[in-house]
Q: 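Before I ask anything, let me first share the structure, which is written out below as structure tokens.
Numbering of ligands and ligand atoms starts at 1, following listing order.
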Amino acid sequence: MIPARGRLITLEGGEGAGKSTLLAGLLAHLRQRGIDALQTREPGGTALGEAVRGLVLDPSLRGITVQAELLLMFTARAQLVREVLRPALAAGRWVVCDRFTDASYAYQGGGRGLDPALIAQLEAIATDGLRPDLTLLLDLPVERGRERTHVRGDADRIEREDDGFFERVRAVYLARAAAEPRRFRVLDASQPVHAVLTDAIAAIEELRKDAEG
Ligand code: TMP
């Protein structure tokens, strides 16, 4: 018997929006429901992707050009899609991925100012048409996210960007969510963690019912 196709859920948001906490809660929820769910992240999730992550987040590599950064993100993605995502989905597994292509439009397009048409060309090469079934966008005012990342300390290369950069990132995420309301759920990440999780679970339950129906 051919297994039913799995589902791809992605988490997006600015810095300090609480993706990691939410991810753990979502995985626990899916497993409780008997869904075989896999967790991964971008950039990362494969040996190559984790090596790329080390490079793009390394604060000592200040001279990385915006074009090189873009290509690195899509290098990691091309590997993750073929090595992890496609096989898992084909086997009927659900995947929760901490960031995916929307992050490139938000960070390299919005933050760095690169042309989205250029990003779309790389998307076609790297993702082979794979798009998330559901994208949870954790939305938070930039200054609130900053307060949270400051507490953590040790800002990585991208976290060191100024507020204007993160305002542009946020604006692109919100514009993408508005353009694709069926795929996106915008969650108010300034709420307490349990309230954000409740909203996220409601969105996942809709997807689960669709998948069953
Ligand atoms: P994080 O997922 O732990 O927040 O760290 C990943 C960082 O990489 C974050 O600052 C967002 C950034 N990023 C991009 O700039 N473009 C991308 O395509 C992806 C996946 C991440």
Side-chain angles (χ1 to χ4, degrees), residues 8-24 26-27 39-46 48-62 64-81 83-85 95-116 118-127 130-132 135-140 142 144-174 176 187 189 196:
L8 176 61
I9 300 167
T10 58
L11 301 190
E12 299 284 357
E15 313 299 307
K19 285 186 290 101
S20 313
T21 316
L22 183 67
L23 200 98
L26 288 181
L27 260 289
Q39 167 185 350
T40 188
R41 67 175 179 180
E42 278 220 306
T46 64
L48 176 63
E50 291 297 327
V52 165
R53 182 181 185 88
L55 291 173
V56 293
L57 299 185
D58 183 348
S60 72
L61 293 179
R62 277 186 299 273
I64 295 185
T65 66
V66 296
Q67 291 78 9
E69 180 182 274
L70 176 74
L71 290 169
L72 283 168
M73 297 296 179
F74 276 100
T75 299
R77 186 162 299 131
Q79 191 69 26
L80 185 75
V81 165
E83 187 179 320
V84 177
L85 301 182
V95 183
V96 184
C97 191
D98 186 346
R99 299 195 187 278
F100 195 53
T101 315
D102 293 300
S104 297
Y105 286 97
Y107 281 79
Q108 281 67 51
R112 305 284 190 219
L114 288 175
D115 182 355
L118 209 63
I119 301 175
Q121 286 178 15
L122 294 178
E123 179 179 5
I125 298 170
T127 67
L130 180 63
R131 310 203 68 213
T135 298
L136 301 170
L137 172 58
L138 277 78
D139 182 54
L140 189 68
V142 170
R144 291 288 303 277
R146 272 247 184 258
E147 286 162 16
R148 294 186 189 172
T149 49
H150 272 173
V151 175
R152 264 190 243 150
D154 274 352
D156 65 40
R157 192 180 61 89
I158 295 178
E159 284 167 347
R160 288 169 192 219
E161 292 300 330
D162 61 18
D163 284 357
F165 176 93
F166 290 108
E167 294 290 359
R168 295 193 295 279
V169 168
R170 186 183 185 205
V172 170
Y173 270 137
L174 288 173
R176 290 180 71 75
L187 307 178
V196 181

Q: Counting neighbours of CG on Asp162 that are heavy atoms of other residues, nucleotides or ligands and sit closer than 6.0 Å, is the number greater than 12?
A: yes
Q: Counting only heavy atoms not in Arg160, do more than 12 sit closer than 6.0 Å to its CZ atom?
A: yes
Q: Please tabulate, one line per pair, the protein nitrogen or oxygen atoms found under 3.5 angstrom from a nitrogen or oxygen of ligand 1, with distances to 0.1 Å, or say none if there are no such pairs.
A:
| from | atom 1 | to | atom 2 | distance (Å) |
| --- | --- | --- | --- | --- |
| ligand 1 | 2 (O) | Lys19 | NZ | 3.3 |
| ligand 1 | 2 (O) | Arg99 | NE | 2.9 |
| ligand 1 | 3 (O) | Arg53 | NH2 | 2.8 |
| ligand 1 | 4 (O) | Arg99 | NE | 3.3 |
| ligand 1 | 4 (O) | Arg99 | NH2 | 3.1 |
| ligand 1 | 10 (O) | Glu15 | OE2 | 3.0 |
| ligand 1 | 15 (O) | Gln108 | NE2 | 2.9 |
| ligand 1 | 16 (N) | Gln108 | OE1 | 2.8 |
| ligand 1 | 18 (O) | Arg77 | NH2 | 3.0 |
| ligand 1 | 18 (O) | Ser104 | N | 3.3 |
| ligand 1 | 18 (O) | Ser104 | OG | 2.6 |

Q: Is it possible for you to check whether Arg176 lies under 6.0 Å from the centre of the six-membered ring of Tyr105, through NZ or CZ, and within 45° of that ring's axis?
A: yes
Q: Any donor-acceptor pair under 3.5 Å linking the side chain of Thr127 with the backbone of Ala124?
A: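 Answer holds: no.
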Q: Does the pair Arg168/Glu161 count as a salt bridge with the N-to-O cut at 4.0 Å?
A: no
Q: Could I get the full list of side-chain hydrogen bond (donor to acceptor under 3.5 Å, both in side chains) partners for Arg131, not counting sequence neighbours?
A: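 Residues passing side-chain hydrogen bond (donor to acceptor under 3.5 Å, both in side chains) with Arg131: Glu180.
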